[in-house]
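Report on the structure given below.
Source: prediction; values computed, not measured.
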Amino acid sequence: MIIGIDVGGTHADGVLLEGGEVVKKNKVNVNQTNLQDGIVTLLESLIPEPKDCLSEIHLSTTLCTNAVVNEEFEKVGMFIQAGPGVNPDFFSCGEYLYLLDGIIDHRGKALQQPSNDLLKSWTKELKEQNISSIAIATKFSHRNNSHEILIRDQLNSTFRFISMGHQLSGVPNFPRRVYTSWLNSALMSTFAQFKTSMDKSLQEMGIDCPCYILKADGGTIPFDHGCNFPSQSIHSGPSASVMGALALYENIGDALLLDIGGTTTDIAIFADGTPLLEPYGATVNDRPTLVRALQSKSIGMGGDSCVIFDNNTFVIGPDKKGPPMALGGQVPTPTDAMIVLGTVETGSKEKAAEAMLLLCPQLDPTVTARQLLQSFVVGIQNAASEMVEEIFSRPVYTVSELLTREKIQPKQIIAIGGPAKALQPVISDCFAMNCIVPKDFEVANAIGAARARITAQASLYADTNLGSISIPEVSCHEGIPSSFTMLAAETRLAQEISLLAEEMGMQEAPAIDIIEREEMNTIRGFSTTGKIISLKGQIRPGLRTFEEVI
Amino acid sequence: MSLYMPKAANKVGLVLFPAFDWCISPSHPEREERLLYTRDQLIEEGLEDFDNIFFFNPELAKAIDINRVHFCVPSPEELMTDSHFISTGGAIRAAKAVMENEVDKAFAMVRPPGHHAMQTVFGDRGFCVINIEAIMVEYIRRHYGIKKIAIVDTDCHHGDGTQDIFYNDPDTLFISMHQDGRTLYPGTGFLDESGGPSAQGYTINLPLPPQTSEEGFDMVMDRVILPILDEFQPELIINSAGQDNHYTDPITNMNFTAQGYAQLNKKLNPDICVLEGGYSIEGALPYTNLGIILAMAGLDTSHVREPGYKSENFKQSQKMNQDIENLCAQALSIFQNRQNTKKGFFDKNSVVKRKQIFYDTTGFQVSETRIYHLCKECPGYTEIIAEGLSQHIYGFSVPFNSCKRCQSKARDKYTKTRPSHDTLTVLQDRPADIFEKK
């Protein structure tokens with residue numbers, strides 16, 4: 001049996017699953033400044049008898065998200081080696097930012113070492129300031145990690161928490177690498193404290209099963225791995241809801257997921273039953289990062305958003321000004337419209353009708369209510385088509401990709417969240433598609449957390465002319481023979497990803513998807529000098545099967 | 001939008017299409033690998049996340065866009081691969097982004113290039129089949145009503161194709177700076193090639209000596225190009241942004257730099273850049289392209305330097321400075337005397353020019369005769385007779401700025417021409433956007 005817990009803004013949901021079935025579910029209030037108390041209370045209510053039936057705990061926590069939202073970061077000594085290119089003076093990583101010299105070029109050639117003297121004097125300064133967290137990012141470290149390692153080796157004995165860009169992601173994008181490694185280090189000590197106190201509580205409860213943390217990409221990592229990669233636990237909430245939808249409804253195919261809340265609606269997209277990922281990573285409180293994340297778009301419209309009627313159109317959100325009028329609030333909301341139409345049964349129906357009259361005094365409240373909900377859904381629809389368009393517009397680099405690319409055409413809609421049931425017919429109508437509201441949708445996130453499996457990804461860059469291979473996520477940068485082939489590269493990458501998954505506790509890694517593949521001959525003068533092979537592979541976000549869960 | 005990323009002062013659109021699955025031949029300079037390192041550099045710099053920088057995929061050009069400019073023998077479809085339709089479509093996409101105010105400026109980093117493709121096309125010349133800028137220019141005129149356009153060609157090779165296409169058009173100012181044709185393909189681009197009878201002084205060639213460095217390029221910018229642009233007052237400036245003047249380019253002999261290209265684009269301030277040549281794919285293109293983009297965006301370019309570059313290695317001699325100064329003075333006077341030289345043709349009804357065009361990629365020759373029909377009201381229409389690879393074409397080309405009379409004269413003449421089994425007879429009527437053949 002498995003426990004899934006999703007910590008939200010005000011409360012935490014938890015489920016105990018046996019196979020796909022919910023055996024127990026519960027909800028407790030949480031205090032964001034002391035998450036573990038809420039989590040422990042919830043755990044105590046969910047633990048099965050006997051305790052050893054419990055095989056795993058999966059936790060989606062707001063710990064790091066909160067730290068980010070409140071900008072409560074540990075001070076970080078940030079070492080950046082930018083080399084030639086864009087002037088790095090735009091980086092904003094707090095007061096301890098150090099720009100090192102040294103160059104690694106686009107092919108991963110180390111052309112100039114960073115200055116040792118500078119490193120030494122900066123290390124001294126950081127020591128004096130009692131800084132314990134360090135982040136290191138060099139341009140093109142996904143091609144050659146040697147300078148990040150060299151800098152790390154200089155600092156290793158002196159600082160407790162160190163993040164290196166290449167270990168966090170093998171995806172190119174230097175500014176994102178800088179912000180990701182900075183963010184990771186800024187969260188390490190917070191996460192370590194949380195882990196220590198959770199371990200203690202679990203021990204007191206007599207639980208010794210493995211514990212996993214949900215990541216933004218819909219996968220999990222073991223709790224202790226999380227200590228090295230706390231940044232990956234940011235934005236796990238939306239990923240819990242996506243995985244929840246996947247668990248609650250089979251045959252998703254090409255679909256839109258709408259998670260309709262009080263103040264926002266989150267939209268995600270499934271293609272052929274798999275949730276789509278952001279091309280680079282999550283944007284974390286305005287910082288672009290390489291934190292692998294499911295793609296979701298949040299719009300400022302929810303059941304409790306305030307509504308005004310202006311210039312013959314309803315303007316919904318993005319502000320929330322208290323509860324719906326039917327529940328004692330001051331301004332009309334979409335929830336009031338649902339109450340007028342009888343699709344939500346709570347609060348005062350009279351007050352709700354008043355809200356509609358406030359918007360359109362001449363019209364029958366039910367007519368206004370219908371029109372209002374329709375504009376609400378049209379708003380969601382516009383955002384969804386923008387999202388589909390954005391995905392379609394992602395850059396492609398080959399003739400065949402350009403000629404064969406196709407726009408995703410969602411065929412159904414899964415709606416979850418408080419107002420989902422009430423909006424179901426309007427959504428069906430506006431989108432002219434089947435809209436499904438799965439059962440147990442109120443605990444979808446906790447179920448999603450429980451059913452998520454380990455994900456792993458890695459990238460490979462082999463240059464047979466230079467005779468080197470780089471698999472940054474596993475800190476591999478070594479020699480290869482000039483005869484190295486695409487097949488060898490694919491095999492190697494799949495092996496590394498399986499190993500990563502095994503290290504994290506996955507008994508048998510599922511098939512590895514190779515999701516990007518580039519092969520190019522290098523030619524100098526008029527002869528072929530080698531080839532460059534570039535690959536990206538992953539264990540895609542997906543559900544564990546029931547056999548695995550039991 | 002992000003406080004954590006740079007914000008470009010100008011909105012810039014980038015059409016980055018490296019066509020990783022297309023080459024002329026596997027070891028040709030125009031091969032799959034050409035923009036690999038450029039793509040890698042631009043993506044690693046995170047330009048996709050910069051505020052006010054936008055990436056667009058190319059669209060596919062249509063035959064009508066090609067036929068508005070070229071006479072393709074036997075047809076565009078026979079001569080072009082998908083990749084040509086895409087690179088042309090990339091230039092068109094960049095132009096659309098600017099003309100429809102999606103962005104302030106745009107750069108089409110596409111391949112294959114186009115500036116050696118002339119009006120008549122029988123095959124591949126100098127890595128080019130069709131002239132992607134020229135097609136873009138006429139697309140802009142057709143769809144957005146723009147008249148006066150300046151094209152500044154900063155490729156190391158003379159932009160002989162673009163020159164050929166706009167040679168008799170006084171509304172297109174064509175300036176090419178390049179390595180002296182006596183020392184480099186295509187062997188043309190001298191001062192005296194200065195425009196057709198109706199556009200004398202609107203083609204300006206600046207043949208620079210081998211080893212010209214930043215100093216020399218600065219001189220031609222400051223002394224010739226900027227003053228001429230100032231006087232011509234174009235509605236749009238286009239940079240044919242070839243990057244093979246770079247000191248590491250394997251097929252040329254110049255000493256220009258990434259900094260140089262960035263500074264040049266700051267001064268030139270083009271609305272649209274279209275990539276042309278540039279074959280130092282590792283040592284130059286990642287830096288020159290980045291430099292051009294940052295310059296267009298109004299961002300700091302000072303850190304864009306080739307690893308290992310030392311400016312003291314690239315000082316020009318006194319003699320070279322003197323030569324370039326002279327060149328500048330002569331070029332400027334050609335433009336300044338443009339009205340006077342035009343008068344010389346007024347008493348004639350037509351002017352006949354003949355030329356031989358060599359197609360280097362597969363090695364064959366085309367003979368071409370061009371009859372410029374002169375008119376006091378407009379640049380006049382052109383008759384073109386060309387023959388190569390045992391194929392013949394007889395074409396009538398009516399420029400976009402033609403008067404009604406010349407337009408109907410050309411049509412009459414086309415109508416009266418009897419179709420012949422071995423000759424493609426064609427009417428290209430740009431004002432009416434008509435392309436007919438028989």
Part of [X] lying under 4.5 Å from any heavy atom of chain B:
X	value
A:Asn521	backbone
A:Lys531	neither
A:Phe91	neither
A:Gln112	neither
A:Ser393	backbone
A:Ser534	neither
A:Arg394	backbone

Kindly say whether the aromatic ring centers of B:Tyr4 and A:Tyr179 come within a distance under 6.0 Å. yes
Results of salt bridge (Lys or Arg N to Asp or Glu O under 4.0 Å) for A:Glu71 - residues two or more places apart only: A:Arg287
Sort B:Pro26 into side chain, backbone, both or neither according to what part of it lies under 4.5 angstrom from a heavy atom of chain A. backbone
What part of B:Ile43 gets within 4.5 angstrom of chain A, counting heavy atoms only: side chain, backbone, both, or neither? both
Mark yes or no for whether B:Glu32, through its side chain, and A:Met520, through its backbone, hold a donor-acceptor pair below 3.5 Å. no
Going by residue number, which parts of residues 80-110 of chain B are within reach of chain A, meaning a heavy-atom gap below 4.5 Å? B:Asp82, B:Ser83, B:Ile86
Any residue of residues 285-307 of chain B which, by heavy atoms, sits under 4.5 Å from chain A: B:Pro286, B:Tyr287, B:Leu290, B:Leu294, B:Asp300, B:Ser302, B:His303, B:Val304, B:Arg305, B:Pro307
Answer whether the closest heavy-atom distance between the side chains of A:Arg143 and B:Asp40 falls below 4.5 Å. yes
Just checking heavy atoms, which of residues 165-176 of chain A are less than 4.5 Å from chain B? A:Pro172, A:Asn173, A:Phe174, A:Pro175, A:Arg176
